[in-house]
Amino acid sequence: MKSWIAIKKWLSGGCVYFTVTALLILFFNFAALGTVKDAGNISMYSFLLMFPFGLCLSAAGMLLGAEGLSAWVRFLSHYLITVLSVFLFLILPSGASANSSFYLVMFALLSALYWILFGFVALIRNRVRRLMEED
């Protein structure tokens, strides 16, 4: 029974990430192209790869919340799964420039963005936890 709850949590998280990712990409296409008509022009292949991307992010989030692992294993595995899923499911299928310097720069930018956002979220969680303990 516990495994079904974990699978349900994984799939529902994947659906949420899929929806958020699809809406963000549609919004950025609209902002870049300026017309609603052209904003929905996403290839079907790239659109369908957003669901495995969402499932990977959901699994990474579940792994981050696992209590049985040490903190550094959880953080490092969350980082690796997140960055690899962005590369495998969003950047590579988009047909972006295929030279190695592009991928190295994208890896550095994604890593910096990940750790900045991770630190920001950790700071907010810590602050909220302290405020809740005061009350």
Side-chain angles (χ1 to χ4, degrees):
M1 192 62 172
K2 235 179 174 182
S3 62
W4 286 110
I5 294 171
I7 290 172
K8 181 181 173 186
K9 183 178 178 182
W10 176 58
L11 287 174
S12 63
C15 290
V16 169
Y17 281 119
F18 169 74
T19 303
V20 169
T21 304
L23 289 175
L24 282 175
I25 289 177
L26 286 172
F27 175 74
F28 286 134
N29 277 349
F30 173 69
L33 299 175
T35 61
V36 177
K37 180 182 174 188
D38 295 333
N41 290 340
I42 300 174
S43 72
M44 184 59 74
Y45 181 68
S46 294
F47 187 74
L48 289 176
L49 284 177
M50 287 181 208
F51 188 63
F53 171 72
L55 290 175
C56 286
L57 288 185
S58 179
M62 289 175 64
L63 194 60
L64 185 63
E67 296 294 326
L69 300 172
S70 63
W72 71 272
V73 171
R74 291 183 294 151
F75 294 147
L76 186 62
S77 61
H78 185 267
Y79 163 72
L80 289 174
I81 291 171
T82 302
V83 171
L84 282 175
S85 64
V86 168
F87 268 106
L88 291 176
F89 298 119
L90 297 181
I91 294 176
L92 288 178
S94 70
S97 176
N99 55 10
S100 59
S101 62
F102 171 78
Y103 293 126
L104 186 61
V105 169
M106 285 302 294
F107 176 73
L109 288 174
L110 283 173
S111 295
L113 181 67
Y114 174 86
W115 290 112
I116 288 169
L117 288 175
F118 193 82
F120 185 66
V121 168
L123 188 72
I124 290 174
R125 279 186 181 171
N126 193 10
R127 179 70 179 150
V128 167
R129 189 175 300 128
R130 273 195 249 148
L131 288 175
M132 295 297 277
E133 287 176 359
E134 287 179 4
D135 290 342

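We count residues from 1, following the sequence as given. All heavy atoms count here, side chains included; hydrogens, waters and symmetry mates do not.
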Group every Ile, Leu, Val, Met, Phe, Trp and Tyr by side-chain heavy-atom contacts under 4.5 Å, then state whether [X] and [Y] land in the same group.
X      : Y      : answer
Leu131 : Leu123 : no
Leu26  : Phe28  : no
Leu117 : Ile25  : no
Val16  : Val86  : no
Val83  : Leu113 : no

Which value, rounded to the nearest 0.5 Å, describes the distance between [X] atom [atom1] and [Y] atom [atom2]?
X     : Y      : atom1 : atom2 : result
Leu24 : Tyr17  : CG    : OH    : 12.5 Å
Leu92 : Met106 : CG    : CE    : 10.5 Å
Phe89 : Thr21  : CZ    : OG1   : 12.0 Å
Leu11 : Ser58  : CG    : OG    : 7.5 Å
Leu80 : Leu63  : CG    : CG    : 10.5 Å
Leu48 : Phe18  : CG    : CZ    : 7.5 Å

Please find out if less than 6.0 Å separates the ring center of Phe87 from that of Phe53.
no
Aromatic ring proximity Trp115/Phe118, centre distance under 6.0 Å:
yes
Minimum heavy-atom distance between [X] and [Y], given as atom pair plus value:
X      : Y     : result
Ser46  : Pro93 : OG-O, 3.8 Å
Leu90  : Met50 : CD2-CG, 4.2 Å
Ser111 : Tyr79 : OG-OH, 2.6 Å

Between the main-chain N or O of Cys15 and the side-chain N or O of Thr19, is there a donor-acceptor pair closer than 3.5 Å?
yes
For Leu49 and Tyr45, what are the C-alpha separation, side-chain angles and deciding distance, and is it a side chain to side chain contact (heavy atoms under 4.5 Å, CB included)?
CA-CA 6 Å; Leu49 284 177; Tyr45 181 68; 3.6 Å; yes
Evaluate the criterion side chain to side chain contact (heavy atoms under 4.5 Å, CB included) for residue pair Ile91 and Tyr103; output intermediate values, then yes/no.
CA-CA 9 Å; Ile91 294 176; Tyr103 293 126; 4.2 Å; yes
Using side chain to side chain contact (heavy atoms under 4.5 Å, CB included), reason through Leu57 and Ile81 one step at a time and then give a plain yes or no.
CA-CA 7 Å; Leu57 288 185; Ile81 291 171; 5.9 Å; no
Are more than 12 heavy atoms from other residues, nucleotides or ligands located less than 6.0 Å from atom CZ of Phe47?
no
